Each structure stands twice: as C-alpha cells, then as structure tokens.
Number of protein chains: 2
Amino acid sequence: MHETASSQPRKESKKELQAEAARERILSAVIDCLDRYGYAETSISRIQEAAGFSRGALTHHFPSKEEMMVVAAERLLRPTLSLRRRKHPAGAASEAVLAVDVEADIVWMWEKLVDTSEGRALLEILVASRTDDVLRQRIATKFARWNNAINETLIENYGQSGMDGQALQEFWTICRVFLRGLNTQSQFDPDDGMRKALVRRFAHAFAAQMSRPRD
Amino acid sequence: MHETASSQPRKESKKELQAEAARERILSAVIDCLDRYGYAETSISRIQEAAGFSRGALTHHFPSKEEMMVVAAERLLRPTLSLRRRKHPAGAASEAVLAVDVEADIVWMWEKLVDTSEGRALLEILVASRTDDVLRQRIATKFARWNNAINETLIENYGQSGMDGQALQEFWTICRVFLRGLNTQSQFDPDDGMRKALVRRFAHAFAAQMSRPRD
DNA sequence: CAATACAAAACGAACGTACGGTTTGTCTAT
DNA sequence: ATAGACAAACCGTACGTTCGTTTTGTATTG
C-alpha cells in the first residue's frame with residue numbers, strides 16, 4: 001500500500017472510478033426497484049436486471065442484500081437535497097411574503113422530494129424498518145440527522161416568524177409526515193390532481209398558521 | 001344447499017358458528033402479524049403460529065394467502081368503527097365548542113383508530129397495495145368507500161362550520177393522511193410522547209383553520 | 001516500450017432454505 | 001354415514017448466498 005491517501009483525490013485510478021460508478025448504478029437500480037416493486041419484491045434478480053449486472057457483480061460490491069439496502073437508504077438520506085435559501089426583503093409585508101414562501105416551499109418539497117422515485121423508495125424503507133430490527137437500527141441515526149438537517153434549514157429560513165424553535169420543528173415535522181403519508185395512497189388516484197390539491201390545501205392552512213401570532 | 005338464507009340468522013348451526021369463529025381468529029392473527037412482522041414477513045407459518053391453527057386449517061378457510069389478505073383488509077375497512085355523533089348545544093360560543101370538538105376527535109382518531117394494531121396493519125396493506133396490482137384492485141373500492149364514510153360522518157358532525165363540503169372533505173382527508181404518515185416513523189421514537197405531541201399540535205392548528213371563515 | 005504478475009471486476013452455476021400451495025389422512029358433529 | 005374441521009406430510013419454486021472461473025485494468029519488470 002503506497003501512501004495514496006484518500007484525502008487526496010488526485011489520483012483516482014480508473015478502476016476505482018469504474019467501481020464507484022458500478023456501485024452508483026446498483027444503488028440507482030435498488031431505488032428504482034423499491035419504487036416499482038416495493039421492499040418485499042425487490043429481489044437480487046430484479047436489481048440485477050435493472051442495473052444490467054450479473055448476480056456475481058452485485059455480491060462483489062455489496063456483501064449482502066441488507067448492506068445494499070442500508071447503503072441505498074444512506075443515499076436517500078444524504079443531506080445534499082437541501083432547500084435553497086430564500087432572501088427575504090427586510091421590512092414591509094413580511095407576513096404575506098412569509099406565507100407565500102411557505103406555501104411555495106411545501107409544494108416544492110412535494111414535487112421535488114416526496115412525489116419522486118426517491119421519496120417513494122424512502123417510504124418503502126421506512127415502512128420496512130418498522131418491523132425489521134436490524135434495518136431500523138442501522139438507519140435510525142441517519143434518519144434522525146436527516147430530519148434535523150431539514151428542520152434546521154427551514155428554521156433558518158423562517159426563523160423570523162412568531163413561533164419558537166420547538167414549535168417550528170414540530171410544524172415542519174408535521175409537514176414532512178403529511179407529505180410522506182400522501183405517498184401511501186398515491187396508487188388510488190393515478191391522476192396527480194387530487195394529491196396536488198391536497199398539498200396546496202395543506203400548504204395554505206399551514207402557512208396561515210405559521211404567519212399568525214401564537215396563542 | 002338448503003334454503004337457509006343468510007338473511008335469516010335463525011338457525012346458526014353449531015358448526016357454522018365454529019367456522020366463523022375460526023375465520024375470525026385467523027383474521028385477527030393476520031392483522032397481528034401485519035403489525036408485528038410487516039406485510040412481506042407475514043407468512044403462512046407465522047399466521048398459523050399466531051392463530052394456533054395448522055396449515056391445513058388456514059387453507060381450508062381461505063383458498064389462498066392473497067384471499068386472506070383481502071378479507072383482512074375488508075375487515076380493517078369495515079365501517080363499524082365510526083365516530084360517535086356529537087350533540088352540539090345550538091347557540092352561543094359555537095366556534096370555540098367546535099374547535100374543542102375537532103381537537104378531541106382528532107386525538108381520539110389517533111389513539112383509537114390509527115395508533116393501533118389495526119391502524120398499523122392497514123398501513124402495511126396500503127403500502128403493499130402500492131406495488132401489488134391485484135391487491136390494489138381488490139381493495140380500491142373498499143378503501144374509497146371507507147374514506148367517504150368517514151368523511152360523511154365527520155361532515156355531518158361539523159357541517160355547520162363555515163367551510164363547504166369539498167373543503168371539509170379535503171381537510172379530513174389531510175387529517176387521515178397525516179395520522180397514517182405518523183405511523184411510518186413510529187419505530188424511531190419508542191416513547192409515544194413525541195407523536196402524541198405532534199398529533200395535538202396538528203389538531204390544534206387544524207381546528208383553528210376549520211373554525212375560521214374562508215378567505 | 002514490451003512482457004509479465006497481480007489484484008480487482010464481472011460472471012454464472014450450484015447450494016440450502018423457506019415460502020405458498022396441494023394432497024392425504026383423522027376426527028368430530030350432524 | 002357423511003360432510004366439514006383440522007392436522008401433517010409433501011411438492012415445486014424462488015430466494016439469498018457461496019464459490020470457482022474468466023476477464024479487465026494496473027503495476028512491475030526486462
């Protein structure tokens with residue numbers, strides 16, 4: 001072993017790049033299968049087929065199916081998907097602006113984070129981890145960190161509202177829970193219309209609550 | 001087949017009673033396994049073990065596992081669990097009374113309908129039906145009817161609020177979706193405290209929105 | 001700059017296991 | 001006696017894993 005420290009991305013050997021690309025392709029296949037077939041029906045064969053690799057290649061990159069699922073979950077819980085910061089014009093009509101922003105952010109979360117392959121795959125993993133002890137233990141801290149990261153970003157954006165931090169955390173958690181729950185009945189109205197209407201209705205009521213003084 | 005019409009429960013032969021009790025026991029075992037092990041890990045062996053029956057008994061009462069699941073789903077979607085009617089004192093302070101009632105009903109729904117074995121089993125079936133076409137087709141209409149029945153009961157109780165029927169339906173659907181979503185992360189805080197706090201926070205905001213005039 | 005040596009990558013067959021379904025047998029109540 | 005209620009053994013299948021082989025990229029020689 002030479003001293004090619006991993007902190008120096010200088011010399012990414014071609015093989016390492018290839019291996020990393022393969023792992024990425026496999027993880028994408030896992031997420032795709034979770035969305036299409038659900039956690040239970042996501043078999044090695046299905047992943048193999050979706051990724052375009054052989055059975056042996058999968059076991060070469062991941063020692064077990066469980067490991068594949070955990071790494072896929074880690075990818076879904078990567079904090080890379082953060083809301084963009086908003087710059088608020090300091091001063092007048094702050095409440096109205098705030099409400100509009102909250103509504104827009106919620107709709108954006110629904111369309112870009114939840115109502116996607118990744119969002120549905122995450123739902124499958126979360127529901128599976130409800131009854132799978134080892135899976136739950138392995139993703140619990142990542143999930144908590146992910147929730148906190150989202151909350152912090154949102155609180156940073158909306159901290160000037162009248163609510164304290166605790167209440168804000170709870171409100172955004174409610175929002176996340178609602179959007180995730182909406183994915184549990186997406187199969188019953190193939191047209192997005194109804195769900196999107198619900199999102200808007202929720203966002204509107206939610207924003208109204210947030211931009212009002214606490215009682 | 002004699003002409004013992006099912007509309008005449010007059011002569012329930014002892015054997016029929018026994019068979020019905022066995023079916024009920026099996027269905028309870030299914031729901032229990034769905035809650036404990038999840039949809040994927042609910043196998044015939046597990047159900048057999050939980051119900052205290054042999055493999056043969058299960059296949060005697062239900063032709064297939066899918067049929068068992070569908071009938072279990074039908075049991076979970078039975079309209080028997082309806083909110084009790086509330087009698088409102090016609091007259092003063094109706095808005096405040098309304099808000100209190102809404103909050104109480106939501107907490108009641110969470111504790112008695114959603115945060116239960118049956119509620120979690122229903123979550124498992126709904127998530128499974130997202131990717132299982134035959135299961136979805138077989139429970140779709142029952143699920144829709146169940147949602148409508150709940151909505152109608154609630155609208156009957158709260159019809160005097162300022163909202164129109166469409167908005168009320170959407171609001172209660174939002175409530176149901178949120179409570180179901182809360183079950184998808186119940187495994188991460190074994191203490192009910194946090195979830196119950198979220199329910200209360202949601203119920204409070206929800207009630208405030210409902211007892212306010214529309215904009 | 002070849003030629004060789006070695007490790008990683010990809011492959012596919014084989015294995016044991018657990019599942020759902022089926023069949024056969026036994027007992028009980030009518 | 002006859003049909004239903006339950007039990008137990010059996011069958012084919014699909015799963016996840018293991019393992020030996022082949023291929024490909026990289027490093028080390030002359």
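Below, each value reflects all heavy atoms present in this structure, side chains not excepted, and no hydrogens, waters or symmetry copies. Model, not experiment: these values are computed from the prediction. A, B, ... follow the sequence lines: proteins, then strands. Residue 1 opens every chain.
Using a 4.0 Å heavy-atom criterion, one finds that Ser43(B) contacts the sugar-phosphate atoms exclusively. Looking at heavy-atom distances under 4.0 Å, Ser64(A) makes contact with sugar-phosphate atoms alone, never a base.
A close approach under 4.0 Å does occur between a side-chain nitrogen or oxygen of His61(B) and OP1 or OP2 of dC6(D). The shortest distance between the side-chain N/O atoms of His60(A) and the OP1/OP2 oxygens of dA9(C) is below 4.0 Å. For dC15(D), the OP1/OP2 oxygens have a side-chain nitrogen or oxygen of Ser45(A) closer than 4.0 Å.
When rounded to the nearest whole Å, the span between CD of Gln48(A) and P of dT18(D) equals 17 Å. dA13(C) atom C1' lies 16 Å from atom CD1 of Ile44(A), rounded to whole Å. Remark: P of dC19(C) and NZ of Lys65(B) are 9 Å apart, rounded to the nearest angstrom. Here dG20(C) presents its P atom at 10 Å from CZ of Arg46(B), a figure rounded to the nearest Å. The CD atom of Glu41(B) sits 14 Å away from the C1' atom of dG20(C) (whole-angstrom rounding). Look at CD on Glu20(A): it is 17 Å from C1' on dG25(D), rounded to the nearest Å. Between Leu58(A) atom CG and dG12(C) atom C1' there is a gap of 12 Å when expressed in whole angstrom units. As rounded to whole Å, 15 Å separates atom C1' of dT17(D) from atom CD of Glu67(A).
Both the sub-6.0 Å distance and the 45° axial angle are satisfied by Arg46(A) relative to the ring of Tyr37(A). For the pair Arg201(A) and Phe171(B), the cation-pi criterion (under 6.0 Å, within 45° of the ring axis) is not fulfilled.
When distances run from any side-chain atom of Arg55(B) to the nucleotides dC6(D), dG12(C), dG21(C), the shortest one goes to dG21(C). When the nucleotides dC11(C), dG16(D), dA7(D) are ranked by their closest atom to the side chain of Phe53(A), dC11(C) comes out on top.
Side-chain rings of Trp172(A) and Phe206(A) approach one another, their centers coming within less than 6.0 Å.
Expressed to the nearest 0.5 Å, how far CZ of Arg120(A) lies from OG1 of Thr184(A) amounts to 12.5 Å.
No more than 12 heavy atoms of other residues, nucleotides or ligands sit less than 6.0 Å from atom NZ of Lys142(A).
Each of Gly52(B) and Glu66(A) was assigned the nucleotide of DNA chain D with the nearest heavy atom; the assignment lying further toward the 5' end belongs to Gly52(B).
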